Participant: 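Okay, here's the structure, questions in a sec.
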Amino acid sequence: MKKRLSIGIGVLLIVGMVALFLFREGSQSGKYETALVDRGDIVEKITATGTINPVITVRVGSQVSGRIFKIYADFNSQVKKGQVIAQLETDLYQTKVAQADANFKLAQAQVQEARVALLDAENNLRRIKNLSKGLVASERELEIAETTYKAAEAAFSAAQARGEQARALLNSAKVDLEHTTIYSPVDGIVISRNCDVGQTVVASFQTPDLFLIAQDLTKMQVEAYVDEADIGKVQVGQEVLFTVDAFPETVFKGKVSQVRFAPREEQNVVTYATVVEVNNPDLTLRPGMTATVSIIAHEKKDVLRVQNIALRFKADPEDKYLLQYGEEEGQEPRDGEALLNPQQRLWILDASGQIKRVLVKVGISDGRYTEVLGGPLDEGERVIVGYLSRWKQTVSSERSGFRFRFRR
């Protein structure tokens, strides 16, 4: 019985030693997670947010103060150029027109009176000149007649000036009266109405906005703000895809029409306005909607690519399968060379089962895949993207035993 027990314990010890050896020296194929190098399409997008607005909007206000008497247009009303959309009370301005008209007529009468006085002074001066030739009139009488004529001439000119002034005041009063009727300056649709009947409009320092009219809602624009790190990739004519919260399943298309130079800084973040033209034939898009914009900066078809996670993988320096490089193998690019030819590090499993580091030249990226422009990498190879297990074992010789290190 004791003999059998001893044999069983010995077998268990042998099995345990074999399992430990296999665990230490087992194949690396189950240790790493790999991804396939393949060919496909890569679309580099620049994301931003913006607001949808009509291409042309006109703010309609009032140039005169007064109480709103009647409103002829409401929200979403289609209006034509020259159409009456609001009317202010006219009593005060009609009174001003009547007063200005009376002053103008008075000025005209004064002009006529001054003209008569000028004619009388002119006739008197002519008579005195004739008399002075026959020494009937004295030189003093001639001087008085000339002075009277010049005074009458000046009075006539002043009366004419007052008449022109009265005419201008009359025209101004008539213009103010006309401004009590508010017309639409363009063909379009009323987006907002900021007034009500009975409301008093005060146009003292600035023109109050009564209506906001969009000239054509079938053509909209998105004003997106692109980060300064990405603005260099944005160009006029690039295709744009965007969505709005109201229609999350619908992808709208547009084109970049303008990249503005004026910066906008908010919380130390500098952005630049990028205008995107959008067709809106069915009026689905509405002013003020927030758009999530993707600007297609670059697009390449059927290129060699790797997953971005492979570029972020870093091998454990104590991994026993790591191929140790000398001074000539796997050297990092010099700074100047790296700027001219962007390179990234990848880890692959070679034929002998070693982890091999390769440097590849990369191109554009779509956030998931990165283009491979050059380097010792072919289609179908498998690159390492990570360790499969949640922990990894590192075995190193320390004196007469083994040291196990577990990483979670």
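Quantities reported herein were computed from a predicted structural model and do not represent experimental measurements.
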Participant: Check this for me: Glu379, atom CD, are more than 12 non-hydrogen atoms of other residues, nucleotides or ligands nearer than 6.0 Å?
Facilitator: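 Yes, enclosed.
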Participant: Between Asn279 and Thr218, is there a side-chain heavy-atom distance shorter than 4.5 Å?
Facilitator: no
Participant: Checking Arg260 now: which residues fulfil salt bridge (charged side-chain N to carboxylate O under 4.0 Å, His left out) with it, not counting sequence neighbours?
Facilitator: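 Expected list: none.
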Participant: Tell me, do Ile213 and Ile191 make a side-chain contact under 4.5 Å, heavy atoms counted?
Facilitator: no
Participant: Compute whether any side-chain donor of one residue and acceptor of the other, for Asn130 and Arg127, lie under 3.5 angstrom apart.
Facilitator: no
Participant: Heavy atoms only: give me the nearest Ala297-Ile46 pair and the separation to one decimal.
Facilitator: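 So the minimum-distance heavy-atom pair works out to CB-CD1, 4.0 Å.
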Participant: Are any side-chain N or O atoms of Asn280 and backbone N or O atoms of Leu285, one a donor and one an acceptor, separated by less than 3.5 Å?
Facilitator: yes
Participant: Are Leu142 and Lys129 side-chain neighbours, meaning at least one heavy-atom pair lies under 4.5 Å?
Facilitator: yes
Participant: Less than 4.5 Å apart, any side-chain heavy atom of Ser192 and any of Phe211?
Facilitator: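 Counting from C-beta outward, Ser192 and Phe211 never come under 4.5 Å.
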Participant: Please check: side-chain N/O of Glu146 versus main-chain N/O of Glu143, any donor-acceptor pairing under 3.5 Å?
Facilitator: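 Here the side-chain-to-backbone pair does not exist.
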Participant: Determine the minimum heavy-atom distance between Tyr72 and Gln87, stating which atoms define it.
Facilitator: CE1-CB, 4.0 Å
Participant: Does the side chain of Leu170 come within less than 4.5 Å of Asn103's, by heavy atoms?
Facilitator: no
Participant: I need the Leu346 CG to Lys356 NZ distance, nearest 0.5 Å.
Facilitator: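 If we round to the nearest 0.5 Å, Leu346:CG and Lys356:NZ are 12.5 Å apart.
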Participant: Search all heavy atoms of Pro376 against all heavy atoms of Leu359 and return the closest pair with its distance.
Facilitator: CD-O, 3.4 Å
Participant: Using the salt bridge (charged side-chain N to carboxylate O under 4.0 Å, His left out) criterion, which residues pair with Glu223? Sequence neighbours excluded.
Facilitator: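 Expected list: none.
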Participant: Quick one: closest heavy-atom pair of Ala100 and Ala173, and the distance?
Facilitator: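 Taking Ala100 first and Ala173 second, the nearest heavy atoms are CB-CB, 4.1 Å.
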Participant: Donor-acceptor pair, Ser365 side chain versus Tyr369 backbone, under 3.5 Å?
Facilitator: yes
Participant: Show, in sequence, the C-alpha distance, side-chain angles and deciding distance for Val186 and Lys81, and conclude whether the side chain to side chain contact (heavy atoms under 4.5 Å, CB included) test is met.
Facilitator: CA-CA 4 Å; Val186 294; Lys81 182 177 180 179; 5.6 Å; no
Participant: Taking CD in Glu113 as the centre, count heavy atoms belonging to other residues, nucleotides or ligands within less than 6.0 Å. Is the count above 12?
Facilitator: no
Participant: Once you round to the nearest 0.5 Å, how far does NZ of Lys45 lie from CD1 of Ile296?
Facilitator: 6.0 Å
Participant: Donor-acceptor check, side chain of Thr180 to backbone of Leu88, threshold 3.5 angstrom: yes or no?
Facilitator: no
Participant: Check Pro287 against Leu217 and note the closest heavy-atom contact, atom names and distance.
Facilitator: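 Of all heavy-atom pairs spanning Pro287 and Leu217, the closest is CG-CD2, 4.1 Å.
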Participant: Going by the rule salt bridge (charged side-chain N to carboxylate O under 4.0 Å, His left out), which residues pair with Arg59 if we only count those two or more places apart in sequence or in a different chain?
Facilitator: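 For Arg59 the salt bridge (charged side-chain N to carboxylate O under 4.0 Å, His left out) partners, ignoring immediate neighbours, are Asp209.
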Participant: Looking at Gly367, is its backbone amide N or carbonyl O close enough to the side chain of Asn308 to form a donor-acceptor pair, meaning the two atoms are under 3.5 Å apart?
Facilitator: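 Yes, because the side chain of Asn308 sits within donor-acceptor range (under 3.5 Å) of the backbone of Gly367.
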Participant: Measure the CD1-OG distance between Ile85 and Ser184 for me, rounded to the nearest 0.5 Å.
Facilitator: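 Ile85 CD1 to Ser184 OG: 5.5 Å, rounded to 0.5 Å.
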Participant: Using distance only, find each side-chain donor-acceptor pair of residues 229-255 under 3.5 Å and give its atom names and separation, not counting sequence neighbours.
Facilitator:
from, atom 1, to, atom 2, distance (Å)
Lys233, NZ, Glu44, OE2, 2.9
Gln238, OE1, Gln235, N, 3.0
Gln238, NE2, Lys233, O, 2.9

Participant: Are any of the side-chain heavy atoms of Tyr225 and Arg264 separated by less than 4.5 Å?
Facilitator: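 Counting from C-beta outward, Tyr225 and Arg264 do come under 4.5 Å.
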Participant: Nearest 0.5 Å please: distance from the CZ atom of Arg162 over to the OG atom of Ser157.
Facilitator: 10.5 Å
Participant: For Glu89, check side chain to side chain contact (heavy atoms under 4.5 Å, CB included) against everything at least two apart and list the hits.
Facilitator: Arg67, Phe69
Participant: Would you sort out whether Glu122 and Arg126 count as a salt bridge (charged side-chain N to carboxylate O under 4.0 Å, His left out), showing the intermediate values?
Facilitator: CA-CA 6 Å; Glu122 183 179 6; Arg126 188 182 304 111; 3.7 Å; yes
Participant: Donor-acceptor pair, Gln199 side chain versus Asp196 backbone, under 3.5 Å?
Facilitator: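 At least one qualifying donor-acceptor pair exists.
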Participant: Asp38: which residues meet the salt bridge (charged side-chain N to carboxylate O under 4.0 Å, His left out) condition with it, sequence neighbours left out?
Facilitator: Arg305
Participant: Determine whether a donor-acceptor pair (N or O, by modelled atom type, separation under 3.5 Å) exists between the side chain of Ser172 and the backbone of Leu169.
Facilitator: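 It does not hold such a pair.
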Participant: Would you say Asp101's side chain and Val97's backbone share a donor-acceptor pair under 3.5 angstrom?
Facilitator: no
Participant: Applying side chain to side chain contact (heavy atoms under 4.5 Å, CB included), run through Tyr272 and Glu228 and close with a yes or a no.
Facilitator: CA-CA 7 Å; Tyr272 293 86; Glu228 61 177 328; 4.0 Å; yes
Participant: Which value, rounded to the nearest 0.5 Å, describes the distance between Thr284 atom OG1 and Met220 atom CE?
Facilitator: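 Rounded to the nearest 0.5 Å, the OG1-CE separation comes out at 10.5 Å.
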Participant: Considering only heavy atoms from C-beta outward, does the side chain of Lys219 approach that of Glu277 to under 4.5 Å?
Facilitator: no
Participant: Once you round to the nearest 0.5 Å, how far does CG of Asp176 lie from CG of Asn171?
Facilitator: 11.0 Å
Participant: Take Val190 and Asn76 through the side chain to side chain contact (heavy atoms under 4.5 Å, CB included) test and state the conclusion after the steps.
Facilitator: CA-CA 5 Å; Val190 177; Asn76 300 338; over 6 Å; no
Participant: Which heavy-atom pair separates Arg193 from Phe75 by the least distance, and what is that distance?
Facilitator: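 Shortest heavy-atom contact: N-CE2, 3.2 Å.
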Participant: Go through it in stages, so that I can follow the logic: the residues are Val55 and Asp216, the test is side chain to side chain contact (heavy atoms under 4.5 Å, CB included), and I'd like the CA-CA distance, side-chain angles, deciding distance and then a yes or no.
Facilitator: CA-CA 7 Å; Val55 176; Asp216 187 4; over 6 Å; no
Participant: Could you check if a side-chain atom of Thr271 sits within less than 4.5 angstrom of a side-chain atom of Pro263, using non-hydrogen atoms only?
Facilitator: no
